[in-house]
Amino acid sequence: MVFRVLPRLSRTLRRAAAVAAATALAALGPAAPVRAAEAAPGLPHLNLTGAYVTGVSSGGFLATQLQVAYSGTFDGAGIVAAGPYDCGRGNVVDAAVCLVGHGLPELEQQAVEWAGQGRIDPVGNLAGKPVYVYHGRLDPVVNPLVSDSGVAFYQDFGARVVYHDSDWAGHSWVSPQGVVPCGLTLPPFVNDCGDDPQREMLTHWLGHVDPPNHAAPAGALTRFDQNRYTPGGSAPRLSMDSTGLLYTPPACAAGQPCKLVVALHGCLSGQYLLGDLFPRRGNLDTYADTNDLVVLYPQAVSSLVPVNPQGCWDWFGYTGQDFAVKDAPQLRAITAMVHALGA
């Protein structure tokens with residue numbers, strides 16, 4: 001989440017996060033057990049036929065970075081409460097320009113130059129790819145002009161964009177299983193606005209989706225070792241948790257062709273604070289069961305070094321100036337997970 005722009009909101013949310021997360025988890029009752037070995041295993045190799053990426057807030061910015069930098073890997077994106085590629089720019093001045101909805105021509109020119117240098121995949125790969133963008137009208141963190149700039153960025157490179165900006169939603173991942181009223185911006189940042197953005201997003205990506213599974217989950221939510229996929233072998237050095245989460249429906253585990261969805265939480269929303277609340281309430285696993293989707297949930301974590309007290313994904317350069325290109329350590333780690341799974 002872009003709390004560097006709103007420090008008062010940031011401090012309030014940080015104080016509220018632990019209490020609100022514990023309250024939300026208690027209210028939800030007993031969770032389906034997350035299966036984990038004493039030492040988390042690596043990821044399984046599955047029969048995957050495509051990969052998509054989505055995320056909210058800092059996870060939304062990172063989803064854009066992944067989809068643009070590795071456009072040859074990802075077939076589409078879902079950007080929630082975020083903005084255009086390389087919005088953080090690695091410095092305070094340029095980030096501030098982006099965060100008020102300006103500087104789009106420079107961002108687009110930068111992407112063209114980096115593609116020409118081989119630092120990101122060719123921008124021509126974006127043409128025709130489905131991109132779903134969601135922004136709440138009551139979002140106090142991400143300026144609507146920033147979200148508009150993200151839409152324009154993709155449209156200018158020929159992507160097929162669906163833009164949902166009509167809900168009176170706060171800064172959040174909106175889901176029919178949300179636990180926060182629509183218009184609020186509060187932990188755990190999974191809001192209910194009476195609609196189903198996940199169905200909209202998946203339909204835009206895939207063309208058609210079957211109804212979700214509203215019964216007990218059919219698949220397995222498992223932990224895996226993130227250290228195996230991070231440059232240098234230490235996820236915490238990149239402000240990533242030592243383990244991530246993977247949801248695998250039975251058909252996908254048995255070798256049936258499936259597609260992969262990478263889902264990235266926002267700040268103050270990793271498993272270190274919320275456990276498995278994002279997978280449980282995010283409404284992706286319910287569609288995974290009925291549409292042969294595997295869902296990968298990489299995990300960020302709060303850290304002092306690098307400086308990331310809110311457990312955000314790196315959208316502004318805390319891991320270094322190359323945070324938005326193919327050499328970016330968090331992008332490399334997540335794409336390594338994607339390739340290990342078979343996409």
Side-chain angles (χ1 to χ4, degrees), residues 1-6 9-10 12-13 17 20 52-68 76-88 95 98-101 131-154 161-198 200-201 204 261-270 273-274 277-278 281-284 297-298 300 310-316:
M1 294 178 186
V2 197
F3 291 142
R4 288 158 59 94
V5 204
L6 295 173
L9 179 61
S10 170
T12 301
L13 289 175
Y52 299 81
V53 61
T54 186
V56 56
S57 194
S58 69
F61 282 103
L62 198 81
T64 298
Q65 289 164 207
L66 276 163
Q67 207 264 336
V68 174
I79 312 304
V80 179
Y85 174 71
D86 191 33
C87 184
C98 177
L99 290 172
V100 293
V131 175
Y132 177 83
V133 179
Y134 184 100
H135 186 265
R137 290 189 174 188
L138 295 180
D139 188 333
V141 179
V142 173
N143 188 315
L145 295 177
V146 179
S147 183
D148 294 349
S149 292
V151 170
F153 179 96
Y154 276 115
V161 182
V162 166
Y163 190 16
H164 183 149
D165 63 346
S166 58
D167 286 350
W168 295 94
H171 189 72
S172 62
W173 175 272
V174 172
S175 159
Q177 303 176 51
V179 296
V180 177
C182 183
L184 300 183
T185 297
L186 291 172
F189 309 106
V190 181
N191 290 19
D192 181 2
C193 292
D195 53 7
D196 190 345
Q198 291 71 49
E200 295 174 358
M201 178 177 70
H204 183 51
V261 177
V262 179
L264 300 161
H265 63 77
C267 305
L268 299 172
S269 300
L273 278 177
L274 300 181
L277 186 143
F278 185 47
R281 291 287 170 166
N283 199 38
L284 289 172
Y297 296 97
Q310 298 177 39
C312 304
W313 291 104
D314 187 8
W315 68 275
F316 57 86

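Throughout, residue positions are numbered sequentially from 1 according to the sequence presented. In what follows, every heavy atom counts, from backbone to side chain, and hydrogens, waters and symmetry copies are set aside.
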For this session: Answer whether the closest heavy-atom distance between the side chains of Tyr297 and Val262 falls below 4.5 Å.
Result: no
Exercise. Quick one: does Ser172's side chain have a donor or acceptor within less than 3.5 Å of a partner on Phe189's backbone?
Worked result: no
Exercise. Is there a side-chain contact between Leu268 and Leu273, using heavy atoms and a 4.5 Å cut-off?
Worked result: yes
Exercise. Do you know which two heavy atoms are closest between Pro188 and Val179, and how far apart they sit?
Worked result: CG-CG2, 3.4 Å
Side-chain atoms of residues 59-66: list all donor-acceptor pairs with protein atoms under 3.5 Å, sequence neighbours left out, distances to 0.1 Å.
from  : atom 1 : to     : atom 2 : distance (Å)
Thr64 : OG1    : Gly60  : O      : 3.3
Gln65 : NE2    : Asp314 : O      : 3.3
Gln65 : NE2    : Phe323 : O      : 3.4

For this session: Test His265 against Trp313 for ring-ring contact (aromatic ring centres under 6.0 Å, His included), laying out the working first.
Result: CA-CA 8 Å; His265 63 77; Trp313 291 104; 5.5 Å; yes
Exercise. So do Val80 and Ser57 actually touch side chain to side chain, heavy atoms under 4.5 Å?
Worked result: no
Seminar exercise, completed: Closest non-hydrogen contact found for Ala81 with Val142 is O-CG2, 3.4 Å
Exercise. How close do Asp192 and Pro176 get, heavy atom to heavy atom, and via which atoms?
Worked result: OD2-O, 3.8 Å
Problem set entry | Leu138: side chain to side chain contact (heavy atoms under 4.5 Å, CB included) partners, not counting sequence neighbours | Trp168
For this session: Test Asn143 against Leu99 for side chain to side chain contact (heavy atoms under 4.5 Å, CB included), laying out the working first.
Result: CA-CA 7 Å; Asn143 188 315; Leu99 290 172; over 6 Å; no
Exercise. With respect to Gln198, which candidate in Thr54, Val261, Asn283 satisfies the side-chain contact (heavy atoms from CB on, under 4.5 Å) definition?
Worked result: Asn283
Problem set entry | Check against side chain to side chain contact (heavy atoms under 4.5 Å, CB included), Leu284 and Met201 | CA-CA 10 Å; Leu284 289 172; Met201 178 177 70; 4.0 Å; yes
For this session: Check Asn191, Thr185, Asp139 against His171 for a side chain to side chain donor-acceptor pair (under 3.5 Å) and give me the one that passes.
Result: Asp139
Seminar exercise, completed: To the nearest 0.5 Å, atom CG of Asp86 lies from atom SG of Cys98 at 8.0 Å
Exercise. Going through the distances and angles, do Gln67 and Tyr154 end up as a side-chain hydrogen bond (donor to acceptor under 3.5 Å, both in side chains)?
Worked result: CA-CA 11 Å; Gln67 207 264 336; Tyr154 276 115; 3.3 Å; yes
Problem set entry | CD1-OH distance between Ile79 and Tyr85, expressed to the nearest 0.5 angstrom | 12.5 Å
For this session: Flag the pair Pro298 / Leu264 as yes when at least one side-chain heavy-atom distance between them is below 4.5 Å, and no otherwise.
Result: yes
For this session: Determine whether Gln177 and Asp196 make a side-chain contact, defined as any pair of heavy atoms from C-beta on separated by less than 4.5 Å.
Result: no
For this session: Taking the side chain as every heavy atom from C-beta outward, state whether Val162 and Glu200 have any atom pair closer than 4.5 Å.
Result: no
Seminar exercise, completed: For Gly101 and Ser149, the nearest pair of non-hydrogen atoms, with its separation, is O-OG, 3.4 Å
Exercise. Is the closest side-chain donor-acceptor distance between Ser147 and Tyr163 under 3.5 Å?
Worked result: yes
Problem set entry | Donor-acceptor contact below 3.5 Å, side chain Arg137 vs main chain Ala169 | no
Exercise. What are the two closest non-hydrogen atoms of Gly311 and Ala300, and how far apart are they?
Worked result: O-CB, 3.7 Å
Seminar exercise, completed: Sorted by chain and number, sequence neighbours left out, side chain to side chain contact (heavy atoms under 4.5 Å, CB included) with Asp195 holds for His164, Asp167, Val174, Cys193, Pro197
